[in-house]
Amino acid sequence: DNPDGNGFYVTKNDPAKEILRSPLAKSLFDVEGVKAVYLGGDFVTVTKYAEHKWKILRPQLFDVLMNWADSEKPALLEMPEITDTTIM
């Protein structure tokens with residue numbers, strides 16, 4: 001989490017509770033190779049592991065982003081979204 005309030009930064013190694021604050025970040029982490037996600041006010045930055053290729057990741061990430069945009073769900077929640085079926 002970015003303490004100055006200008007964004008939300010989370011890595012794949014952060015606690016699940018922190019990742020689950022962002023349904024969008026969780027979905028992006030489901031794409032193999034995603035290392036970190038930064039949510040700004042009007043942009044998303046994805047960092048990949050060096051051994052993964054953008055050529056492979058790009059269409060998968062675009063699909064996640066378009067599905068999220070179509071869902072009209074928030075990118076960031078005040079509290080983590082945890083249900084009986086949440087996989088961490």
Side-chain angles (χ1 to χ4, degrees):
D1 195 4
N2 188 343
D4 65 8
N6 290 328
F8 177 78
Y9 178 80
V10 65
T11 71
K12 191 158 189 145
N13 295 324
D14 284 340
K17 181 179 173 185
E18 191 66 13
I19 294 170
L20 291 172
R21 284 192 51 213
S22 173
L24 175 56
K26 183 188 179 309
S27 294
L28 290 167
F29 283 129
D30 288 342
V31 175
E32 185 178 345
V34 173
K35 182 178 182 179
V37 175
Y38 179 73
L39 305 176
D42 59 356
F43 66 91
V44 177
T45 300
V46 174
T47 305
K48 68 174 185 65
Y49 289 101
E51 63 271 15
H52 292 270
K53 305 293 180 205
W54 284 119
K55 183 177 180 178
I56 304 298
L57 291 173
R58 193 176 299 115
Q60 297 173 64
L61 296 171
F62 185 77
D63 188 50
V64 169
L65 290 167
M66 291 300 98
N67 286 334
W68 168 77
D70 288 343
S71 76
E72 299 183 11
K73 292 182 179 179
L76 186 61
L77 306 169
E78 289 294 320
M79 298 294 294
E81 185 174 68
I82 300 174
T83 66
D84 292 341
T85 59
T86 299
I87 298 172
M88 296 190 207

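Side chains are part of it too, since the values below use all heavy atoms of this structure and drop only hydrogens, waters and symmetry mates.
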* With a 4.5 Å limit on heavy-atom distance, are the side chains of Phe8 and Glu18 in contact? -> yes
* Taking the side chain as every heavy atom from C-beta outward, state whether Thr11 and Lys35 have any pair of such atoms under 4.5 Å apart. => no
* Side-chain donor or acceptor of Asp70 paired with backbone N/O of Asn67 under 3.5 Å -> no
* **Shortest non-hydrogen separation from Val34 to Lys12 and the atoms involved** => O-CD, 3.5 Å
* What distance separates Leu76 CG from Leu24 CG, expressed to the nearest 0.5 Å? -> 9.5 Å
* **Val37 vs Tyr9 side-chain heavy atoms within contact, under 4.5 Å** => no
* If every non-hydrogen atom of Trp54 is compared with every non-hydrogen atom of Val46, which pair is closest and at what distance? -> CH2-O, 3.4 Å
* Are Thr47 and Tyr38 side-chain neighbours, meaning at least one heavy-atom pair lies under 4.5 Å? -> no
* To do: Check whether more than 12 heavy atoms from other residues, nucleotides or ligands sit under 6.0 Å from atom CE of Met79, and answer yes or no.
  => no
* Asked: Any idea which heavy atoms bring Leu57 and Glu32 closest together, and the distance?
  -> CD2-O, 3.0 Å
* Between Ala75 and Pro23, which heavy-atom pair has the shortest distance, and what is it? -> O-CD, 3.7 Å
* **Atom pair NZ/NZ of Lys48 and Lys53 - distance to nearest 0.5 Å** => 6.5 Å
* Please check if atom CD in Glu51 has more than 12 non-hydrogen atoms from other residues, nucleotides or ligands closer than 6.0 Å. => yes
* Would one find more than 12 heavy atoms of other residues, nucleotides or ligands at under 6.0 Å from atom CZ of Phe43? -> yes
* Can you measure from NZ (Lys73) to OG (Ser27) and round to the nearest 0.5 angstrom? => 8.0 Å
* **Cluster check Leu77, Leu39: I/L/V/M/F/W/Y, side chain < 4.5 angstrom** => no
